[in-house]
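Below is one structure, written out as structure tokens, with a few remarks after it.
As the structure is a computational prediction, the values presented were derived from the model and not from experiment. Lettering of chains follows the sequences in order, A, B, ..., and the numbering in each one begins at 1.
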Amino acid sequence: MAVYEPLKFEGKWRDYWEEHRLHKADLESGKPKFYCLDMFPYPSGSGLHVGHWRGYVLSDVFSRYKKLNGYEVLHPMGWDAFGLPAENDAIKKGIHPATGTARNIANFKKQLIEMGAMFDWDREINTSEKEYYKWTQWIFVQLYKMGLAYRKEMPINWCPSCKTGLANEEVVDGACERCGTPVTKKNMTQWMLKITAYAERLLNDLDKLDWPEKVKKMQANWIGRSEGAKIRFQVESKAVGHESHAHEIEVFTTRPDTLYGATYMVLAPEHPLVAHITTAEAKADVEAYVDKTLAKSALARQIDDKEKTGVFIGAYAINPINQERLPIWIADYVLMDYGTGAIMAVPGHDERDFEFASTFQLPIKRVVAASLEEANRPLDAAYTDYAVIVNSEEISGLRVGDAKKAMIVKLEKTGKGELAVTYKLRDWVFARQRYWGEPIPLVHCDHCGIVPVKEEDLPVLLPDVERYEPTGTGESPLAAISSFVHTTCPECGGPARRETDTMPQWAGSCWYFMRFADPHNDQEPFSKESINYWLPVDMYIGGVEHAVLHLLYSRFFTKALYDRGVVPFNEPFNRLFNQGMLTLNGAKMSKSKGNVVSPEELIEQYGADTLRLYELFVGPPEIDAEWNPRAIEGVYRFLGRVYRLVEENRANAPTVASEKLLKLRHRFVKQVEERIETFRFNTVVSAFMEYVSDLQDANEPIDKGTLDVLTVCLAPLAPHLAEELWHHLGHPSSVMLAHWPSVDEAYLVDDEVTVVVQINGKVRDRIQVARGASETAVAELALQVPSVKLALDGKTLNKQIYVQDKIMNFVVR
RNA sequence: GCCGAGGUGGCGGAAUUGGCAGACGCUCUGGACUUAAAAUCCAGUGGGCCGAAAGCCCGUACGGGUUCGAGUCCCGUCCUCGGCACCA
């Protein structure tokens, strides 16, 4: 009996593929291209576990399927090697980050090769190599020249453990995304990227992407567009005496219709106006409150509790619509970095303002009600329904929507305000005070100011140093290296200092998918020809954890480069798929939790194909799945059955297929096609299992064509086994050079169909009838069925419903 | 609190457009092969009534509804998971 022993041939075929360059993506093949990309990994010290395999298997199956279908497939792999984790890990182990990274990469690569994926290793890239980051720096210079990179002093998120500034997106629940330490605020001069300039386009263009709705929603929420009005209030304060009217408070509100209901104003404690307009009597309390707020970490300000606190600053604002005097307060529930950092408070119709007003006994006015009759009904909570405006002079009686428009028109006429759009998205803090990243390629010259390094002088090399631990002073370790810092100005040639901050980890991954098109180009980031052919990415596969980080940043880079004329497309990833995690004991696999399953021993026991197939069969690919060590036996047994089926039939296989086997074959291929295209890979495996059982049950010799087709279809899923069988079947070249079988629709229809017979919608029996038989003919047959006769006995047949070739339902009473 | 996804046997999960619920796999039980075991193969495996079979009834989180017919559509409730969270 033929025995399936994968370890005897899997290695042989991997060597064969490598030797014959079968995975090489060819720019000049003349075929239509397909770019199938995995989110490239950060090469950690712990290596890959079976959970990491999941996405890689999906993309490899899809890539191979596309290749068999005549596409020129680009399926590359590389390393996101810069960034904090690599550096932290290296510090812990006392080695240079470059050394640790190189070691990890070697291990990752070995593991990925064992998987048998068709990666084109000639295109391997590493974001921490100078040949690569030269172009990351080049892109930064383009952004700088476009005015999209700027320097600003502001309080930014600071991780006291990683000793660096962080972007908004890197703060999760008030803590550092990497290490979990609560994030504090630190006032620093920072390099920022003006991603907010693209907010509207980043939002609108989501519509044209074939991405999971969930991810699009998350990005839309993150961008957080809201439409309303900006309104200006004049300030009246004894602190500034008769100059009062020089000061204005500008607020943003989505409810300009409630302007008549404003009863006080609130500024963020950090608001620059606070220092100017606070009166002498209030000064001490205000300063104490401001200090207390600034000392609070982001986490504390968010979670502490929602109890409202605040201080009256002694000054008043004049409501532009009715000249009412409104007391001005500061409170930490108003955030400096959203809108204008100031609000008009309408406690009658905003829950937060209601709570604040209740706490401090401030007046509450009703200006919206269910109807005009209810205009003076007292409020025991904020009334937020979009109903009818009341107590508001000329706009009373309007619905909220119309009142908003009317109020904006009025404000625009008097110059007191106008329509405005605000986003939650903030500009991107792009500098890190750490060693292991791309140096920001700028020079500070006393004479010329900030000057970008000339493009022909790139890259600015990351110097090799002895000590690369973070300083914690707010300066990067590079600042201590005088040979790095001191340079000459690219403009005037005079003495100058280099920028010493480095870029965040995301920098390299914002454009790596473009570099794969032309990874060895040392004249430009990529040639026009290569980028035109390969990009954009057709299918992008990776975890959902990057929904707002990497995926939003990459879209921003792409749009900026599009505007600069560097690339001809403005969205990088046409189709996105997020695979689910593999869990063990209900938790995400991670080395720190000690619940990882590593592929090595499984491959040793079952071979790589079995593990690949299991990864697919474990459940719907987008859903998290629990690792089940037993179930892997099932797919191993199945591959053994395939092996035996082919081995035991190939010697005496007829050259002509029976009608029965042809029907089974075409139905099978059709099913597999549909299920691969729609990413239902668990059911692809089911289709194989059913087909193989059907072939066994057919109880007749299996023809050569059937065996060939089975083998070709198997190639995307279990490439090693398919290659082995393909050669046993007498084919001299690789199965990956074969063609995906075409489906003949003629074989998909049966002459005879099963019609279900129902009484009142309940199944009683099934009958075989000729396909397309008339209702009368089927009814006649169905009425002969004993259980139907029984059910009809003594009853009246009210109605019959016939669905062609499917259902005959008798309604009886 | 807001937004989104989901709830189907002992388990993982199937089920085109409203048309045979539980495909496929795991587990378990019985059988064949074997001196024996492993491997392999065959049969059974949602619950109930029943000695068994036939047959009938119940059954897709819960309560209603629409329909000849609902896992699928509508209304309400509960639960689980994910995202956002004082964003004016």
Side-chain angles (χ1 to χ4, degrees), chain A residues 1 3-4 172-174 212-222 224-226 228-229 251-255 258 266 268 301-308 331-335 337-346 349-353 355-356 422-426 544-545 547-548 614 617-620 622-635 637-638 640-641 644 674 678 680 682-693 696 754-766 786-787 790 798-812:
Chain A
M1 191 171 74
V3 181
Y4 173 51
V172 178
D173 291 333
E213 285 307 315
K214 174 183 164 165
V215 175
K216 292 207 245 181
K217 247 319 195 297
M218 281 168 73
Q219 290 212 353
N221 288 343
W222 192 261
R225 182 183 198 277
S226 63
V251 305
F252 173 74
T253 178
T254 54
R255 297 293 305 272
T258 61
V266 186
R301 186 158 169 178
Q302 207 174 89
I303 289 176
D304 234 11
D305 53 341
K306 309 257 165 159
E307 207 147 288
K308 295 287 179 287
D332 65 2
Y333 83 94
V334 173
L335 310 173
D337 52 2
Y338 180 75
T340 61
I343 62 159
M344 63 178 209
V346 184
H349 307 285
D350 179 283
E351 283 166 21
R352 296 150 303 179
D353 296 345
E355 202 188 320
F356 190 85
T422 301
Y423 302 91
K424 280 203 255 180
L425 185 69
R426 313 284 152 84
V544 73
E545 66 272 18
V548 284
Y614 173 74
F617 193 54
V618 68
E622 70 280 8
I623 308 279
D624 292 350
E626 174 72 10
W627 179 259
N628 178 356
R630 290 270 174 75
I632 199 165
E633 296 276 354
V635 289
R637 278 200 278 265
F638 163 71
R641 273 201 292 277
R644 278 193 306 280
E674 279 175 358
T678 52
R680 287 140 66 216
N682 53 329
T683 65
V684 172
V685 179
S686 301
F688 269 91
M689 289 172 166
E690 284 176 69
Y691 182 51
V692 168
S693 298
Q696 282 169 336
T754 304
V755 169
V756 173
V757 183
Q758 299 181 334
I759 302 288
N760 292 340
K762 281 189 180 159
V763 180
R764 286 302 130 132
D765 211 340
R766 297 160 184 90
S787 56
L790 195 72
N798 272 5
K799 200 174 170 184
Q800 70 185 36
I801 287 137
Y802 181 59
V803 180
Q804 182 82 66
D805 299 336
K806 272 188 180 158
I807 297 268
M808 173 57 82
N809 186 15
F810 296 110
V811 183
V812 303

Between B:rG44 and B:rA53, how far apart are the P atoms? Round to whole Å, please. 13 Å
Show the distances under 3.5 angstrom between N or O atoms of the protein and N or O atoms of nucleotides 11-14 of chain B.
residue: B:rG12; atom: O2'; partner: A:Val618; partner atom: O; Å: 2.9
residue: B:rG13; atom: O3'; partner: A:Asn682; partner atom: ND2; Å: 3.4
residue: B:rA14; atom: OP1; partner: A:Asn682; partner atom: ND2; Å: 3.0

Test: A:Lys308 cationic atom under 6.0 Å from A:Tyr333 six-membered ring centre, within 45° of axis: yes
May I ask you to say what A:Val756 touches in the nucleic acid, namely base, sugar-phosphate or nothing, with a heavy-atom cut-off under 4.0 Å? base
If you write RNA chain B from 5' to 3' in dot-bracket form, with Watson-Crick or G-U pairs under 3.5 Å, [ ] for crossing pairs and | for pairs with another strand, what do you get? (((((((..(((......[....))).(((((.......))))).((((.....))))..(((((..]....))))))))))))....
Between the base of B:rC86 and the side chain of A:Lys308, is one N or O donor paired with an acceptor at under 3.5 angstrom? yes
Between B:rU17 and B:rC75 - C1' atom distance, rounded Å: 23 Å
Give a yes or no on this: more than 12 heavy atoms of other residues, nucleotides or ligands lie within 6.0 Å of atom CD of A:Gln804. yes
Just confirming the chi classification of B:rG65, syn or anti, using 90° around 0 as the syn window. anti
Check nucleotides 42-44 of chain B against the protein and report each pair of N or O atoms closer than 3.5 Å, with its distance, or say if there are none.
none

Using only modelled atom types and a 3.5 angstrom limit, is any donor from either the side chain of A:Glu633 or the base of B:rG25 paired with an acceptor on the other? no
Rounded to whole angstrom, note down the P distance from B:rC84 over to B:rU72. 32 Å
